[in-house]
Amino acid sequence: MNIVLLHEQDFTSATEVSIGGSRAKHINTVLRASKGDCLKVGLLNHRLGDGVITTISANTITMVVTLSHDAPPPRPVHLVLALPRPKMLKRIVRTVAELGIKQLTLFNSYRVEKSYWQSPALQQRNIDEYLRLGLAQAGDTIMPKVGIEKRFKPFVEDRLPALVADRLAYVAHPGTVSAPQAKASDATLLAIGPEGGFIPYEIEKLQACGLQLMALGERILRVETAVPYAIAALTRGDCVQ
């Protein structure tokens with residue numbers, strides 16, 4: 001982790017914190033910090049700053065912290081993602097947080113296995129942990145919001161139009177030739193399908209909501225590769241054809 005992510009309950013006074021568990025273990029075994037060392041810290045959903053270690057043991061570390069600056073700006077992208085395989089979900093959710101995406105909707109589609117919806121990886125505490133890992137890696141503190149939509153048609157017909165309003169909207173789909181003209185500052189919605197892609201009916205429904213087809217080149221990418229690739233292309237404004 002590139003920052004020590006703090007929680008409100010860590011504070012023992014206005015400027016002092018006491019932390020343990022996996023964070024203390026990481027500071028001891030990975031950072032190999034000592035008393036007096038200054039570490040980068042951030043308060044969850046608040047500001048970033050520095051923490052000076054005042055006491056350190058195997059299980060508990062205390063620091064005096066100063067929160068001096070804001071978190072980096074978010075990417076103005078709402079990612080709408082067909083639920084991936086559970087083993088892939090952890091990596092993708094963490095990547096979403098690392099990339100600065102603050103809105104993620106996981107939804108159902110024809111090629112999503114029903115068993116995926118029963119995975120413990122979807123439990124809120126696990127999703128939150130994946131997000132915190134991504135924030136700590138990226139030096140960010142603002143938690144993304146994650147929505148879950150288990151039925152494709154009600155989501156696309158009843159809720160997606162409101163999400164698309166006042167945004168550029170794209171659906172990544174192999175074999176298409178159109179490319180977005182988005183600027184890095186544009187509010188954008190991006191839909192990415194499951195392994196195997198969307199079926200034609202789903203593409204038609206997404207297009208009916210105003211989503212434009214978006215090409216990611218000639219190669220067929222895994223979902224965990226397509227997510228950062230497409231986000232980078234959108235925020236550069238130069239997706240390949």
Side-chain angles (χ1 to χ4, degrees), residues 1 5 7 21-23 25-26 44-45 74-75 77-138 140 142-164 169-174 189-209 211 214 216 220-231:
M1 58 184 177
L5 202 58
H7 307 271
S22 60
R23 290 173 295 168
K25 181 178 179 181
H26 184 90
L44 190 65
N45 289 321
R75 293 182 189 263
V77 177
H78 185 156
L79 179 61
V80 177
L81 181 68
L83 183 66
R85 290 181 290 112
K87 288 184 178 180
M88 193 183 295
L89 178 63
K90 176 179 179 178
R91 297 192 293 269
I92 292 175
V93 171
R94 180 171 176 169
T95 296
V96 164
E98 290 178 16
L99 290 173
I101 296 169
K102 300 305 177 183
Q103 292 180 293
L104 169 65
T105 299
L106 300 169
F107 75 111
N108 196 27
S109 75
Y110 181 79
R111 292 192 172 114
V112 170
E113 294 287 342
K114 292 182 180 180
S115 61
Y116 295 176
W117 293 104
Q118 309 304 317
S119 170
L122 264 183
Q123 294 176 4
Q124 189 63 54
R125 66 176 183 272
N126 292 326
I127 292 290
D128 288 347
E129 177 61 20
Y130 309 153
L131 292 172
R132 286 192 293 266
L133 289 171
L135 294 177
Q137 171 64 34
D140 194 357
I142 308 302
M143 281 283 277
K145 296 180 180 179
V146 179
I148 294 176
E149 298 284 350
K150 294 185 178 181
R151 299 174 62 199
F152 177 84
K153 188 175 180 181
F155 169 60
V156 172
E157 292 183 346
D158 300 335
R159 288 177 285 281
L160 186 57
L163 299 179
V164 172
Y170 303 99
V171 51
H173 191 58
L189 181 140
L190 172 64
I192 296 179
E195 300 293 335
F198 292 114
I199 63 174
Y201 166 81
E202 292 169 337
I203 289 294
E204 291 174 5
K205 297 293 285 186
L206 292 169
Q207 287 184 290
C209 286
L211 278 69
M214 172 180 172
L216 297 181
I220 306 298
L221 305 177
R222 291 179 301 167
V223 174
E224 61 185 319
T225 304
V227 168
Y229 186 99
I231 295 299

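- With rounding to the nearest 0.5 Å, the separation of CE in M88 from CG in L83 is 10.5 Å.
- Between W117 and V112, some side-chain heavy-atom pair lies under the 4.5 Å cut-off.
- The minimum heavy-atom distance between L163 and F155, with the atom names listed, is CD1-CE1, 4.0 Å.
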For residues 96-107, please give each side-chain donor-acceptor pair under 3.5 Å, one per line with the distance, not counting sequence neighbours.
residue : atom : partner : partner atom : Å
E98     : OE2  : R94     : NE           : 3.3
K102    : NZ   : D140    : OD2          : 2.6
K102    : NZ   : I142    : O            : 2.5
Q103    : OE1  : R167    : NH2          : 2.8
T105    : OG1  : H78     : NE2          : 2.8

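- Looking at H7 and R23, their side chains come closer than 4.5 Å, going by heavy atoms from C-beta outward.
- Note that CG of L206 and CZ of F198 are 5.5 Å apart. Values are rounded to the nearest 0.5 Å.
- Taking a 6.0 Å sphere around OH of Y110, one finds it holds 12 or fewer heavy atoms contributed by other residues, nucleotides or ligands.
- Here CZ of R151 is found 10.0 Å from CD of E157. Values are rounded to the nearest 0.5 Å.
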Please lay out, stage by stage, how R159 and E149 fare under the test salt bridge (charged side-chain N to carboxylate O under 4.0 Å, His left out). CA-CA 10 Å; R159 288 177 285 281; E149 298 284 350; 3.0 Å; yes
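- Looking at heavy atoms from C-beta onward, K90 lies out of side-chain contact with E129 at the 4.5 angstrom threshold.
- Considering every non-hydrogen atom in both P86 and S119, the closest pair reads CB-OG, 3.3 Å.
- In plain terms, the two heavy atoms of L216 and A230 that are nearest each other are CD2-CB, 3.9 Å.
- More than 12 heavy atoms of other residues, nucleotides or ligands lie within 6.0 Å of CZ in R111, so this atom counts as buried by the packing criterion.
- Atom CZ of R91 and atom CG of L133 lie 13.5 Å apart (nearest 0.5 Å).
- Taking CD of Q123 as the start and CG of D128 as the end, the distance is 11.5 Å to the nearest 0.5 Å.
- Residues L160 and L189 form a side-chain contact, since some pair of their non-hydrogen atoms from C-beta on lies under 4.5 Å apart.
- Of all heavy-atom pairs spanning A121 and N126, the tightest one is O-CB, 3.9 Å.
- Partner of I192 under the side chain to side chain contact (heavy atoms under 4.5 Å, CB included) criterion, out of L79, I231, I92, V80: L79 alone.
- Judged by distance alone, the side chain of E195 and the main-chain N or O of R222 form no donor-acceptor pair under 3.5 Å.
- Note that CE of M143 is 9.5 Å distant from CD1 of I127, once rounded to the nearest 0.5 Å.
- Counting heavy atoms from C-beta on, the side chains of L190 and M214 come closer than 4.5 Å.
- Pairing each heavy atom of V164 with each of C209, the nearest pair is CG1-O, 3.7 Å.
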